[in-house]
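The structure appears below as structure tokens.
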Amino acid sequence: MKIGYPCINLTLDCRSNHTFRLKNYSKERLESTIEANLNCLQKILEFNKDNKILFFRITSDLIPFASHPILDFEWKKHFKTAFEDLGAFIRKNKMRITMHPGQYTVLNSINEKVYESSLKELFYHVDVLDLINLDYSAKIQIHVGGVYGDKKASMERFINRYFRLDNKIKNRLVIENDDKNYTLSDCLKINEKASIPIIFDVYHHQCNNLGEQIKEAFKRVSDTWKEKDGIPIIHYSSEHPIKKRPSHADTIDLIHFKNFIYLTRDFDFDLMLEIKDKEISALKALEIISNDARFLQN
DNA sequence: TCACGTCAAGCAGAT
DNA sequence: ATCTGCTTGACGTGA
């Protein structure tokens, strides 16, 4: 079991998600921004290594405007070596990496233009993970998408479009249950047809479910991950103590977390903590699982 | 130097 | 009709 956090490290004084306004776009500005982002990413990974955090989500903002028509800079060629170095570091330290395209990536959109730009965005994410030279356990996770008043048709549209995807994307793409539209049960139905692995988000499930208990859910979800996909990925958060659902907690609730770890003791998985204080909570979680057999076997 | 309106892009649900 | 949340945070203009 590896513990991870998404995109941003709050302890370090650098960010790997620097961007700028489209109206200020220039090749030079893009190059210097990417360079700063890659440098910071390296620092974050070093921090993670030093703190035994072996799971991390790379921000989609790593390359600003990567799928935008304005882009006129060959960033893949230009930063080839930097990506190779990152890859060597990640593989040497047996880290797991994921990426999560934003809310504008909607594979099942009824708007053809949105569908096309979503494909571009998926290729961008694939390019990053391919340049870093990671195996297919490095996943790109998306939600199923929009409902458009007809969930059945929208799920079928997702499946049909999934089948037509380039293998480069299919090898890495996974779906995650969301807090409003597509439940675990919906994702499992899609998996039956498309064999796409499912990231189970425990907190989303709490917000949006058909009554499945955690253990039952873990069993079903684990079966969707094949050998080449790596062990299952689980997303964990708990609800904010004051704000109403679906607000994520500001920091980890240690009692809730201990209970979760105990409940899932029969399963092995990598755990992404979607909690606002990022690595602070990840470090607390690590301490709790430091004597767990699933952690020790890594 | 700092505050605060705005940022490439979608969708659903609440106000 | 407009706002909010989603990975919400970072940019950048104006004072």
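If you're wondering where the values come from, they're calculated on a predicted model, not measured in any experiment. Chain letters run A, B, ... following the sequence lines, proteins first and then strands; every chain starts at 1.
Scored by the side-chain contact (heavy atoms from CB on, under 4.5 Å) test, A:L254 finds A:I252, A:K284, A:I288 as partners (sequence neighbours excluded).
Atom name P, nucleotides B:dC11 and C:dA10: the rounded distance is 26 Å, in whole Å. With C1' as the reference atom, B:dC4 and C:dT7 are 22 Å apart, rounded to whole Å. A distance of about 12 Å separates the P atoms of B:dG5 and C:dC3, rounded to the whole Å. For the P atoms, the distance linking C:dT2 with B:dT6 amounts to 14 Å, nearest Å. Separating the C1' atom of C:dT8 from that of C:dT4 is a span of 12 Å, rounded to the nearest Å.
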Expected string for nucleotides 3-12 of chain B under the B/S/- scheme (protein heavy atoms, under 4.0 Å, primed atoms plus P, OP1, OP2 as sugar-phosphate) is ---BBBBBSS

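Atom NZ in A:K276 sits about 6 Å away from atom P in C:dG9, given to the nearest Å. Rounding to whole angstrom units, OH of residue A:Y203 and P of C:dC6 are separated by 8 Å. What separates NE2 of A:H100 from C1' of C:dG9 is a distance of 15 Å, to the nearest Å. Between the C1' atom of C:dT7 and the CG atom of A:L10 lies a distance of 12 Å, rounded to the nearest Å. Between the C1' atom of C:dT7 and the OH atom of A:Y236 lies a distance of 18 Å, rounded to the nearest Å. Nucleotide C:dA10 holds its C1' atom 13 Å from the CG atom of A:N24, rounded to whole Å. Between the CG atom of A:L62 and the P atom of C:dG9 there is a distance of 18 Å, given to the nearest Å. Atom CG of A:N37 is separated from atom C1' of C:dC11 by 13 Å (rounded to the nearest Å).
Taking the six-membered ring where tryptophan is involved, the planes of A:Y162 and A:F158 are essentially parallel, since the angle between them stays under 30° and well short of 60°.
When the side chains of ILVMFWY residues are joined at heavy-atom separations under 4.5 Å, either directly or via intervening members, A:L119 and A:I110 end up in two distinct hydrophobic clusters. A:F163 and A:L188 fall within a single hydrophobic cluster, where Ile, Leu, Val, Met, Phe, Trp and Tyr side chains are chained together by heavy-atom contacts under 4.5 Å.
With salt bridges taken as basic N to acidic carboxylate O contacts below 4.0 Å, none links A:R15 and A:D61. Between A:K219 and A:D223, at least one side-chain nitrogen of the basic residue sits less than 4.0 Å from a carboxylate oxygen of the acidic one, meeting the salt-bridge criterion. A salt bridge links A:K152 and A:E156; the closest N-O separation between the charged side-chain nitrogens and carboxylate oxygens is under 4.0 Å.
Judged by a 6.0 Å distance limit and a 45° cone about the ring axis, A:R96 is not positioned over the six-membered ring of A:F56.
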Walk me through whether A:S60 and A:H125 qualify under side-chain hydrogen bond (donor to acceptor under 3.5 Å, both in side chains). CA-CA 7 Å; A:S60 295; A:H125 285 80; 2.7 Å; yes

Exercise for the section: Show your working on side-chain hydrogen bond (donor to acceptor under 3.5 Å, both in side chains) between A:E121 and A:S67 and close with a plain yes or no. Expected result: CA-CA 5 Å; A:E121 189 70 358; A:S67 67; 2.5 Å; yes

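Map A:K278 and A:R29 each onto its nearest nucleotide of DNA chain C; the residue landing nearer the 5' end is A:K278.
Between A:R15 and C:dG9 there is no side-chain N or O to OP1 or OP2 distance below 4.0 Å. Of the side-chain N and O atoms in A:H143, none sit less than 4.0 angstrom from OP1 or OP2 of C:dG5.
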Its dot-bracket string being built from Watson-Crick and G-U pairs below 3.5 Å, with | for another strand and [ ] for crossing, DNA chain C has the pattern ||||||..|||||||

